[in-house]
Every structure is written in structure tokens, then in C-alpha cells.
Amino acid sequence: MSKSAMNSLALSSGVWSTLPPMVRRSWRRCAEEYGIATDRALTTDILCSAELRQARERMGVTMKIADPELDRLHGIVSTLDYNVLLADPAGIVVARRGAPPFEKGCRRWHLWPGANWAESLAGTNGIGTCLIEGVPVTVHRDQHWCTGLRYLTCSAVPFYGPDGRVAGALDASSIRADPSGHVALMMEAVLVDAARRLERRSFLEAFRNRSVVLLGEGEGISLPMIALDDKRIVVGATYAARSLLGIDNPEIASVCFDLGARTTGIPDFQEAERTVIEAALSMAQGKIAPAARLLGISRSTLYRKIGALAHLAPSSSSQVDS
């Protein structure tokens with residue numbers, strides 16, 4: 001049977017109809033964009049030690065602070081016979097945590113540093129597919145596009161770096177049978193927490209000489225945090241904070257706007273400033289003094305800013321306690 005015929009058969013199979021939407025999209029990419037045959041063998045390409053070292057160096061600050069989080073994550077999932085992988089934005093595994101008894105199996109299945117799990121190469125899988133979809137992904141056994149991977153169960157989430165860009169993926173994989181897949185789905189929640197912790201650590205490390213403000217807990221896999229210099233100018237923002245501030249262009253690696261005076265550093269400055277002030281007021285339960293301390297400005301300055309913003313559009317920041 002030709003590759004195209006095999007791929008068409010897979011897209012019309014009974015498994016196809018049961019797939020989650022994001023996995024279904026991945027299968028279609030494998031068939032129509034990548035042209036991967038379902039019977040493709042697992043690639044034997046593993047980075048050599050020099051190439052792996054270079055990949056780790058490209059991870060920058062993440063590799064400096066990842067070890068405690070990987071150890072913590074493995075301590076949680078190891079009791080369920082899961083291994084932990086850290087991959088770069090291209091899907092290359094740069095670090096692993098796992099129990100010694102499973103090392104032989106993990107090497108065989110390429111759950112190992114130097115393996116490349118990019119979706120375009122390996123088909124539907126936790127690491128590669130979560131990097132494409134930008135959300136947590138679980139791929140359980142026969143949900144893998146390539147039949148040779150259908151003994152694996154993997155859950156993965158992308159995580160963000162201090163510049164607001166995807167910095168890589170965290171993965172928990174098992175080579176042990178889990179017929180129901182329920183354990184794998186629970187892994188997503190554990191991985192999301194780890195991704196947020198890793199982002200927080202990397203942001204604090206990148207801006208360790210700055211004041212960092214957490215703009216609430218946020219939702220999803222990114223924490224809304226901003227970094228302020230000694231003049232209260234915002235010099236850094238996480239992915240979630242950039243979304244709140246209306247910085248939608250992922251190519252903008254750095255931010256710089258002043259809480260003390262209007263600048264032209266980013267679009268929609270008033271809305272960005274309003275968001276920061278409202279977040280501070282929300283954290284301070286509407287009280288001016290604590291919110292001003294959080295922002296590093298005086299009460300009078302905060303009152304003035306609220307007054308200036310109030311005439312632009314209705315805002316919750318106009319209803320505060322003294």
C-alpha cells in the first residue's frame with residue numbers, strides 16, 4: 001500500500017473519530033503537510049555530545065535554573081513509573097530525569113537527551129505537538145501517528161522564557177502500559193504547575209537586579225509578571241503579562257515603558273498602564289496605599305494616574321478605597 005493510501009486510511013479509521021481536536025489536527029498535519037507514513041520507523045538520529053552541549057547552551061538561563069524543577073517534577077511522577085524530559089523549542093531533548101531500571105527502555109524509545117521529537121520528524125507526540133499547539137497535550141498510545149510509538153504515553157506542556165517566547169517543553173512519558181490513560185491526563189495539571197514554576201524561576205533569574213511584580217495568578221501556563229527598574233520603568237514582561245498589556249507581537253523580545261510618563265515604547269500605552277494599575281488595585285483589594293507600594297509610586301501619583309485614566313474610558317480603577 002502506498003504512503004498516501006496508508007495516510008488516508010488512518011484519517012478515516014475508527015481511532016480518528018475518537019481523537020481529541022488538537023491530536024486530530026496533528027494527525028492531519030502529519031498526513032498532509034509532513035507526509036509522514038504511519039509505519040515510519042523511529043529515527044535513529046541522536047545528537048552527539050558536542051551537539052547536545054550546544055543545544056543546552058542555546059537554552060540560556062533555563063538550563064541554569066531547571067535542575068531543581070526537574071528533580072521536583074520527577075519526585076512527583078516517578079511513583080507512577082513516568083520519566084521527565086526537558087526539550088528545547090525545536091523539540092530536542094536536553095535533559096532527563098528517570099529511574100535507573102527504565103534507562104534501557106528509555107534509550108530504546110528515544111526518551112533520552114539528544115533525541116528530536118519535533119512533530120514534523122516524529123509525528124504526533126507530546127513534545128512536538130504541544131510546541132505546535134501551544135497548549136498542554138496528552139498523546140496516549142494509539143493516538144500517536146506513527147504505529148511504532150503506540151506503546152508510549154506522554155503528556156507535555158510548553159513553557160515560556162523571560163522574554164515572553166516559548167522556551168521549550170516539559171514532558172512526562174511512560175513506557176509502561178496505562179490502558180485507561182487517566183494517569184496521563186492527570187499529568188497535565190502537574191506539568192502546568194511545573195511550567196509556571198520554571199517560567200517564574202527563569203524570569204526572576206533574568207531580572208534578579210530588578211523589582212518583579214506579579215499581576216495576580218493568571219490562568220494557563222504563563223504567570224503575569226513584570227520587571228521594573230529603579231526608575232519604575234517596565235523592562236521585562238512574561239507572556240501572560242504581555243497579553244494583558246496588549247503586546248501581541250511575539251517578535252518584540254524586550255519591552256520598555258514608563259509608569260511615570262507616557263512614552264511611545266509600545267502601542268496602546270494607556271490600556272497597558274490601566275491594566276497594570278487595575279491588577280495592582282485588585283491585588284490590594286482596591287486600597288490605594290498598598291497598591292501604590294506594590295507599584296513603587298506614591299499615593300498621590302497613583303491618584304493622579306487613576307484620574308487621568310478615568311476620563312479615557314470607564315474603568316474599575318476609578319472605584320477604590322483610600
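By convention here, the first residue in the shown sequence is residue 1. What you see is a predicted model, and the numbers here were worked out from it, not measured in a lab.
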J.: What's the shortest heavy-atom distance between S173 and C154, and which atoms?
T.: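 Distance-wise, the nearest heavy atoms are OG-CB, 3.1 Å.
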
J.: Rounded to the nearest 0.5 Å, what's the gap from CZ on R200 to CD1 on I65? Could you check?
T.: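 Output value for this atom pair is 11.0 Å.
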
J.: Carefully, step by step, assess E199 and R196 under the rule salt bridge (charged side-chain N to carboxylate O under 4.0 Å, His left out).
T.: CA-CA 5 Å; E199 179 191 43; R196 287 160 67 93; over 6 Å; no

J.: At what distance, to the nearest 0.5 angstrom, does CD of E188 lie from CD1 of I221?
T.: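 Between E188 CD and I221 CD1, I get 11.0 Å after rounding to 0.5 Å.
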
J.: Within the structure provided, determine whether K104 and R107 are in side-chain contact (heavy-atom separation under 4.5 Å).
T.: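 Counting from C-beta outward, K104 and R107 never come under 4.5 Å.
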
J.: Please examine the side chains of S26 and W145, heavy atoms only from C-beta on, and report whether any two atoms are closer than 4.5 Å.
T.: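 Sidechains of S26 and W145: no contact.
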
J.: Ignoring hydrogens, what is the shortest heavy-atom contact between A292 and L302? Give both atom names and the distance.
T.: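 Here A292 and L302 meet closest at N-CD2, 3.6 Å.
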
J.: For the hydrophobic clusters of this structure (ILVMFWY residues joined by side-chain heavy atoms under 4.5 Å, transitively), does one cluster hold both M59 and L52?
T.: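 Per the 4.5 Å side-chain linkage, M59 and L52 are not co-clustered.
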
J.: Is the closest basic N to carboxylate O distance between D67 and R201 below 4.0 Å?
T.: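 The answer is no: the pair does not qualify as a salt bridge.
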
J.: Can you establish whether the number of heavy atoms outside R97 located under 6.0 Å from its atom CZ is more than 12?
T.: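 Atom CZ in R97 is crowded, with more than 12 foreign heavy atoms closer than 6.0 Å.
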
J.: For the backbone of G161 and the side chain of S202, can you confirm whether one donor and one acceptor N or O come within less than 3.5 Å of each other?
T.: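 Such a contact is absent between S202 side chain and G161 backbone.
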
J.: Are any side-chain N or O atoms of R242 and backbone N or O atoms of A237, one a donor and one an acceptor, separated by less than 3.5 Å?
T.: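 Yes, because the side chain of R242 sits within donor-acceptor range (under 3.5 Å) of the backbone of A237.
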
J.: Specify the closest pair of heavy atoms between A90 and N116, including all atoms of both residues, with the distance to one decimal.
T.: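 Looking at all heavy atoms of both residues, the shortest contact is O-OD1, 3.6 Å.
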
J.: Got a second to check how far F203's CZ is from L198's CG, nearest 0.5 Å?
T.: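 Reported to 0.5 Å precision, the distance equals 14.0 Å.
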
J.: Identify whether I92 and L149 are in the same connected component of the hydrophobic contact network (ILVMFWY, side-chain heavy atoms under 4.5 Å).
T.: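 Each belongs to a different hydrophobic cluster.
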
J.: Give a yes or no answer on whether the side chain of R150 reaches the backbone of H144 with a donor-acceptor pair at less than 3.5 Å.
T.: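 Looks like yes, one N/O pair under 3.5 Å.
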
J.: Do you know which of E33, E133, E119 makes salt bridge (Lys or Arg N to Asp or Glu O under 4.0 Å) with R25?
T.: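 Among E33, E133, E119, the one meeting salt bridge (Lys or Arg N to Asp or Glu O under 4.0 Å) with R25 is E133.
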
J.: Once salt bridge (charged side-chain N to carboxylate O under 4.0 Å, His left out) is applied, what residue pairs with a partner in residues 153-162 remain, sequence neighbours excluded?
T.: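 Output for this query is empty, none listed.
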
J.: Side chain to side chain contact (heavy atoms under 4.5 Å, CB included) with L85: which of L170, L70, I127?
T.: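 That would be I127; it is the only one of L170, L70, I127 passing the side chain to side chain contact (heavy atoms under 4.5 Å, CB included) with L85.
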
J.: What closest approach, in Å, do P224 and T238 show between heavy atoms, and which atom pair accounts for it?
T.: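 In terms of heavy atoms, the two residues are closest at CA-OG1, 3.6 Å.
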
J.: Are the side chain of T38 and the backbone N or O of T147 linked by a donor-acceptor pair below 3.5 Å?
T.: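 No.
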
J.: Is a side-chain N or O of W117 found less than 3.5 angstrom from the main chain of H110, in a donor-acceptor match?
T.: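 Here the side-chain-to-backbone pair exists.
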
J.: What distance do T153 atom OG1 and D142 atom CG have between them, rounded to the nearest 0.5 Å?
T.: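 Taking OG1 in T153 and CG in D142, the distance rounds to 9.5 Å.
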
J.: Ignoring hydrogens, what is the shortest heavy-atom contact between C146 and A122? Give both atom names and the distance.
T.: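 Answer, listing the atom of C146 first, then A122: SG-O, 3.7 Å.
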
J.: For Q54 and L47, what are the C-alpha separation, side-chain angles and deciding distance, and is it a side-chain contact (heavy atoms from CB on, under 4.5 Å)?
T.: CA-CA 10 Å; Q54 292 173 358; L47 297 185; over 6 Å; no

J.: Using 0.5 Å steps for rounding, measure from the CZ atom of R197 to the CD atom of E69.
T.: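 With rounding to 0.5 Å, CZ (R197) is 4.5 Å from CD (E69).
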
J.: Hey, what do you get for CG (N83) to CD1 (I175), rounding to the nearest 0.5 Å?
T.: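 One gets 7.0 Å once the value is rounded to the nearest 0.5 Å.
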
J.: What I'd like to find out is whether the side chain of D193 reaches to under 4.5 Å of the side chain of R72, using heavy atoms alone.
T.: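 Side-chain contact under 4.5 Å: yes.
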
J.: Write down the atom of D88, the atom of L131, and the distance for their closest heavy-atom approach.
T.: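 Reported closest heavy-atom pair: O-CD1, 3.7 Å.
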
J.: Taking the inter-plane angle between the rings of Y239 and Y160 on a 0 to 90° scale, is it parallel (under 30°), tilted (30 to 60°) or perpendicular (over 60°)?
T.: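 Y239 vs Y160 ring planes: parallel.
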
J.: Taking side chain as C-beta onward, heavy atoms only, is F159 less than 4.5 Å from T62?
T.: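 With C-beta onward as the side chain, the pair touches.
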
J.: Give a yes or no answer on whether the side chain of R24 reaches the backbone of P21 with a donor-acceptor pair at less than 3.5 Å.
T.: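 Not at all, since once roles are kept as given, no pair shorter than 3.5 Å links the two residues.
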
J.: Apply the test side-chain hydrogen bond (donor to acceptor under 3.5 Å, both in side chains) to residues T124 and Q143: give CA-CA distance (whole Å), side-chain angles for both, the deciding distance (0.1 Å), then the verdict.
T.: CA-CA 8 Å; T124 305; Q143 292 178 346; over 6 Å; no

J.: Hey, any chance W109 and L121 share a hydrophobic cluster, counting ILVMFWY side chains that come within less than 4.5 Å of each other, even indirectly?
T.: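 Different clusters: W109 never reaches L121 through Ile, Leu, Val, Met, Phe, Trp or Tyr contacts under 4.5 Å.
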
J.: Check whether any side-chain heavy atom of P89 lies under 4.5 Å from a side-chain heavy atom of R165, and answer yes or no.
T.: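 The answer is no; the side chains never approach within 4.5 Å.
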
J.: If hydrophobic clusters are built by linking Ile, Leu, Val, Met, Phe, Trp and Tyr wherever their side-chain heavy atoms come under 4.5 Å apart, do V61 and L86 end up in the same one?
T.: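 Unlinked, V61 and L86 end up in two clusters.
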
J.: If you define the side chain from C-beta out and look only at heavy atoms, does anything of R58 sit under 4.5 Å from V94?
T.: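 With C-beta onward as the side chain, the pair stays apart.
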
J.: Are Y34 and V137 joined in one hydrophobic group, where the rule is that I, L, V, M, F, W and Y side chains link up if heavy atoms are under 4.5 Å apart?
T.: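 Cluster IDs for Y34 and V137 match.
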
J.: Any heavy-atom pair between the side chains of V84 and D71 that's under 4.5 Å?
T.: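 Sidechains of V84 and D71: no contact.
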
